[in-house]
Amino acid sequence: MTTTKGLEGIVATTSAISSIIDDTLTYVGYNIDDLADYASFEEVIYLLWHQKLPNKEELASLKKELAENAALPDEVINHFKTYPIDKVHPMAALRTAVSLLGLYDAEADNMDQEVNYHKAVRLQAKMPTIVTAFSRIRKGLDPIAPRTDLGMAANFLYMLTGEEPSEVAIEAFNKALVLHADHELNASTFTARVCVATLSDVYSGVTAAIGALKGPLHGGANEAVMKMLSEIGEVENAESYIREKLANKEKIMGFGHRVYRQGDPRAKHLREMSEKLTHLTGQPKWYEMSVKVEEVVTSEKPLPPNVDFYSASVYHSLGIDHDLFTPIFAVSRVSGWLAHILEQYSNNRLIRPRADYTGPGKQDYVPLEKRS
Ligand SMILES: CC(=O)SCCNC(=O)CCNC(=O)[C@H](O)C(C)(C)COP(=O)(O)OP(=O)(O)OC[C@H]1O[C@@H](n2cnc3c(N)ncnc32)[C@H](O)[C@@H]1OP(=O)(O)O
Ligand SMILES: O=C([O-])CC(=O)C(=O)O
């Protein structure tokens, strides 16, 4: 048996959803640069789930179904109110809420593909509502009901603050949702596929995926980037801060990638947005500090920024609490998880690799009373 640490380079499935070839990312063959510039998040959801772009009627129908299913059952809202609120990370709350939603879905264990598709719509629709409701409840505020006249990006920002978001904010947030929607066999998507390949249900697959996204080597890196930028504090501190971390062999959050070698094609879009938004909000230092960090890291190591690096200053400029950055990633990535879950069901085989055993050889059992 051969082993590859972290399954590097192993091709574990076929998939028609997204591809990374020669550092170019496509969703169903559409270059991420075009989608980031022109597509709404809802169009991307449709694309990932149907493997084609929607026409006007198809898009309107998906938007209607999403809007009709965005409200949360009272049980989820009431559950949030019982949490030791200052100790609960929003990713843990999101993970629990998705699991809880499964309890109130009478079709949770119905494995019909059409039923699973509509379950996917219902779950996608509720993700922004979960994150924003939790954010308000922990601040002692009432959750704000989703509006049927707003798209997902605008609705998220509206439910978070209760205020009508600006066009610039909606455009930036929509672009962030498009950029994070899918990414081939990343760790959380693989987790979702492994889970549902046992023929477990959609809610279990997404709950497992949220758990995998939470870690700082994956989606959790965006919150960690903001923590680092806050510690650096001012542009002039960036160089010494980064050089010291690198000298101590510490990882710089938001840099490096298992698949990309020349750079993550999503990062340039987020960098542009970071420049625009930090200047608009009168806080260019977060962009300038990020640029300085990139300059120092890349002068030392061949480690370009990944999607998480500039998204931190983008979300910060939109006034979003730092521990909501990873849940926002999940609000977007759930579209990809659900696409992969549906694809896995449609052509399923249990995912069960082997381990190369490295423990002791044959041992004789010693009864408890004779052990030292
Ligand atoms: C949405 C996403 O999930 S994007 C990734 C988000 N995660 C991060 O930004 C966390 C920081 N980055 C990392 O930890 C890694 O680059 C990962 C997890 C993204 C990829 O990891 P892997 O492919 O397993 O690379 P691995 O961790 O083995 O690193 C290879 C070498 O590069 C170094 N390296 C990799 N990333 C970094 C980094 N961000 N800072 C400093 N050094 C790094 C490692 O220390 C290692 O050096 P060594 O060979 O001298 O020991
Ligand atoms: O693909 C990966 O390993 C991580 C990543 O960039 C993502 O999930 O967007």
Side-chain angles (χ1 to χ4, degrees), residues 3-13 15 17-21 23-27 32 35-36 44 48 91 175-193 206 209-229 238 241-270 290 293-315 325-340:
T3 55
T4 312
K5 198 169 180 196
L7 298 181
E8 180 165 3
I10 302 293
V11 178
T13 189
S15 176
I17 301 169
S18 62
S19 70
I20 306 169
I21 299 168
D23 282 11
T24 300
L25 170 62
T26 66
Y27 297 168
I32 193 65
L35 295 170
V44 166
L48 297 175
M91 275 302 270
K175 201 176 272 208
L177 294 179
V178 168
L179 289 167
H180 286 81
D182 196 44
H183 210 245
E184 202 225 40
L185 212 53
N186 63 85
S188 54
T189 301
F190 186 54
T191 302
R193 290 190 79 128
V206 172
I210 294 171
L213 187 74
K214 182 170 177 282
L217 295 189
H218 190 16
N222 57 11
E223 182 185 344
V225 168
M226 201 60 225
K227 183 168 177 280
M228 171 178 79
L229 295 177
Y241 180 98
I242 296 296
R243 289 202 191 284
E244 192 182 328
K245 290 246 173 216
L246 290 175
N248 292 336
K249 302 240 171 288
E250 285 179 55
K251 280 191 165 171
I252 312 298
M253 291 292 129
F255 287 85
H257 201 277
R258 176 61 69 77
V259 181
Y260 295 119
R261 285 295 161 250
Q262 304 306 318
D264 183 331
R266 301 165 296 180
K268 62 179 177 295
H269 295 282
L270 289 154
S290 304
V293 169
E294 178 179 351
E295 203 181 290
V296 181
V297 173
T298 53
S299 71
E300 289 283 324
K301 285 181 169 257
L303 287 172
N306 58 49
V307 70
D308 286 316
F309 186 62
Y310 283 100
S311 67
S313 46
V314 166
Y315 298 144
F325 292 4
T326 315
I328 288 170
F329 195 151
V331 165
S332 167
R333 182 56 57 85
V334 72
S335 61
W337 294 332
L338 289 164
H340 282 264

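Numbers here simply count residues along the sequence, with the first being 1. Note that ligands are numbered from 1 as they come in the structure, with each ligand's atoms numbered from 1 the same way.
- By the criterion of a heavy-atom distance under 4.0 Å, the side chain of Leu303, and not its backbone, is placed next to ligand 1.
- Look at His257 and you'll find a heavy atom under 4.0 Å from some atom of ligand 2.
- Atom 11 (C) of ligand 1 has Phe255 O, 3.4 Å as its closest protein atom, hydrogens excluded (heavy atom only).
- Ligand 1 has at least one atom lying under 4.0 Å from a heavy atom of Gly254.
- Ranked by closest heavy atom to atom 5 (C) of ligand 1, the top entry among Ile252, Val259, Asn306, Leu246 is Asn306.
- Looking at atom 3 (O) of ligand 1, its nearest protein heavy atom turns out to be His218 ND1, 2.7 Å.
- Distance from atom 45 (O) of ligand 1 to its nearest protein heavy atom, with residue and atom name: Lys251 CE, 4.2 Å.
- Atom 2 (C) of ligand 1 has its closest protein heavy atom at Asp308 OD2, 3.5 Å.
- Between Leu179 and Arg266, the shortest heavy-atom contact is O-CD, 3.2 Å.
- Under the 4.0 angstrom criterion, atom 16 (O) of ligand 1 counts as having a protein heavy-atom contact.
- For ligand 2 and Arg266, the ligand atoms under 4.0 Å from any heavy atom of the residue are 5 (C), 6 (O), 7 (C), 9 (O).
- The shortest N or O to N or O distance between Arg266 and ligand 1 is not under 3.5 Å.
- Ligand 1 has no atom lying under 4.0 Å from any heavy atom of Ala187.
- In this structure, Arg333 has a heavy atom closer than 4.0 Å to ligand 2.
- A donor-acceptor distance shorter than 3.5 angstrom exists from the side chain of Thr191 to the backbone of Ala187, with no hydrogens or angles considered.
- The N/O atoms of Met253, backbone and side chain alike, include none that comes under 3.5 Å of an N/O atom in ligand 1.
- Summarising the geometry, atom OG1 belonging to Thr326 is positioned 4.0 Å from atom CG belonging to Asn222; distances are rounded to the nearest 0.5 Å.
- Looking at Phe309 against ligand 1, nothing comes within 4.0 Å, counting heavy atoms.
- Neither the backbone nor the side chain of Ala224 has any atom closer than 4.0 Å to an atom of ligand 1 (non-hydrogen atoms only).
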- Start with the C-alpha gap between Phe309 and Met228, add the side-chain angles, then the distance that decides, and say whether side-chain contact (heavy atoms from CB on, under 4.5 Å) holds. CA-CA 10 Å; Phe309 186 62; Met228 171 178 79; 3.9 Å; yes
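- Remark: minimum distance from atom 33 (C) of ligand 1 to any protein heavy atom is reached at Lys301 NZ, 4.4 Å.
- Between His218 atom NE2 and Arg258 atom CZ the span is 12.0 Å, to the nearest 0.5 Å.
- Within the 4.0 Å heavy-atom criterion, the part of His218 lying near ligand 2 is the side chain and not the backbone.
- Among protein heavy atoms, the minimum distance from atom 1 (O) of ligand 2 is reached at His183 ND1, 2.7 Å.
- Neither the backbone nor the side chain of Asp264 has any atom closer than 4.0 Å to an atom of ligand 1 (non-hydrogen atoms only).
- Taking CD1 of Ile17 as the reference point, atom NE2 of His340 lies at 4.0 Å (rounded to 0.5 Å).
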